[in-house]
Amino acid sequence: MSKKLRVRFAPSPTGALHIGGVRTALYNYLLAHKLGGTFILRIEDTDQTRFVEGAENYILDSLKWLGIMPDEGIGVGGPHEPYRQSERKDLYKVYADELINSGKAYYAFDTSEELDAMRAIYESKGSAFQYNALTRVKLKNSLSMSEQEISDLIASGMPYVIRLKVPAKAEIRFQDSIRDWVHVHTSSIDDKVLMKSDGMPTYHLANVVDDHIMEITHVIRGEEWLPSAPLHILLYQAFGWQPPQFAHLPLLLKPEGNGKLSKRDADLGGFPVFPLEWKDPQTGAISKGFKQEGYLPAAMINFLAFLGWNPGTEQELFSLDELISAFSLERINKAGAKFDVNKAKWFNEQYLKLQDVSSLATQYLPDLPKKEAESFVHLFLDRITFPQELGEKVKDFTELPTIYEEAVVLNKWNEESQKGLQVLKESLPALELWEADSIKSFIHIKLEEAGIKMGKVMQMLRVALSGNGAGPDLMISMELWGKEQVLLRLNHAIAAFNKR
RNA sequence: GGUCCGUUCGUCUAGGGGUUAGGACACGUCCCUUUCACGGAUGAAACACGGGUUCGAUUCCCGUACGGACUACCA
């Protein structure tokens, strides 16, 4: 019998959650729900210098907005509390000591400055410095010094780190769910720091220890972790633990050119990279969020899911539940995906049309009478990408036009259209039933009586009433404006056109 | 520089030893609509290159090119 599936999303609280991280969380969520597993949220805050106030809540709020909340961990609790690595500090020390005792790790006393100097020397020789089997004997560590020296140094309060003793000649291999077999020779892996001199573990140690303790079965994370995956395998081996199944996700790339999607690219492209608006507590700078831009959670989920994964069918629109049943690790792509905001907008339009008219009306046009607001939603829903455009549209619609689209006036303002508008101006007041259908037939009849072709007048009428040559259905618009308003606009426009 | 990963229309991708290489976004045209949008139809548009294996390669293998990630006491 196989173990129950457990996956985790383990971000660092160093700022707003990047959209790539959101996708990672989503894939974890989808797999967990698909296979009846558990989705865990763990906070990897082992770097105290990069900790940002509010980031953890931001992560939680983002997941909540998208409806992909964890089953266990931060915000919900669970059997492996605490889920914040800074609060598990003492635990990692125990495991680091275990590796020291078994000879799989060692103390190192080299300072950052000394190591930087080494790197500079190697670089000047055109090579790269590695803290490894070749160089460690010449550096200041418990492998190159006597036991007396070591205990003296430690007793004197000399800061130290704990490094993994990477075997000199071995091949590490593992089977990634997305990339199949990956093999790396240990000569290219250096003796990574496991415990920092401040007593905190590095990502590598904390990650492996926690994933093991929390019984994580599948590690689904970004491709940026692929190069250190062999190191993690080595750690599992050093502890004698069974490694989880790895799946390294392709990266989200910038829309133009190449490279990882960054906040800068997003600013350039005029779209967000963060799910929610984020105010940097240090600088006070505000970064926009998809939510505030008007993206619907369901559209975001659908769009993100398709960036690097697809169901293999021609269905494009998937609810979260449908994604859960269609999802599989095997159908994730290897290559990075460029972020295309056009596609995101298209998804948003699709989901916007599915929204409930009544609730859109109350939410985005709260100042209008319910029935009128709903009419506006009907009128504009097909012409907008984001719901808050409703307000702008209605505002434009309601305001008296002051300028008239020049090209149309130039082309269509002639004797016939002038006569047509005059006819309407004089006859419309007599129309009793002010509804789109009756307005339409009334206009038709009146123009016909006057011997004027409707086609010669309609666009001019549109410009006269709205100022624009294009827009929503004119008859429904007229109904919504009301008779009085229409006549007012008509008079204004005729006066303006005649002055030309 | 080194290690690892990748490469099908502009973009997201399906496919896979023999296909008219399929879909979606964006773009063009037409229809619908007395406008525009929506919707429908349709068009243009791709297997990075070179070798090998094979009757046959876009598909498998090897190189090359290009791109990316990593190369911290950051995650």
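Protein chains get the first letters and strands the later ones, always in sequence-line order, with residue 1 at the start of each.
For the P atom pair drawn from B:C25 and B:G39, the interatomic distance equals 8 Å after rounding to whole Å. When the C1' atom is compared between B:A26 and B:C12, the two are found 11 Å apart, to the nearest whole Å. B:C61 and B:U54 are spaced 16 Å apart, taking the P atom of each and rounding to whole Å. Between B:U42 and B:G50, the two C1' atoms lie 38 Å apart (nearest whole Å). Rounded to the nearest Å, the gap between the C1' atom of B:U13 and that of B:C74 is 34 Å.
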Protein N or O to nucleotides 63-65 of chain B N or O, pairs below 3.5 Å:
none

Can you check nucleotides 70-72 of chain B for protein contacts, nitrogen or oxygen pairs under 3.5 Å, and list what you find?
residue : atom : partner : partner atom : Å
B:C70   : OP1  : A:K260  : NZ           : 3.4

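Look at B:U29: its Watson-Crick or wobble partner, with both distances under 3.5 angstrom, is B:A41. Under the Watson-Crick or G-U wobble criterion, with both distances below 3.5 Å, B:G1 is paired with B:U71.
In this structure, the side chains of A:V486 and A:L465 come closer than 4.5 Å at one or more pairs of heavy atoms.
If you check every strand for non-hydrogen atoms under 4.0 Å, A:D45 touches nothing. Note on A:Y203: a base of the nucleic acid sits closer than 4.0 angstrom, heavy atoms only.
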Would you give me the side-chain donor-acceptor pairs under 3.5 Å for residues 229-237 of chain A, sequence neighbours excluded?
residue : atom : partner : partner atom : Å
A:H232  : ND1  : A:R221  : NH2          : 3.0
A:H232  : ND1  : A:S228  : O            : 3.4

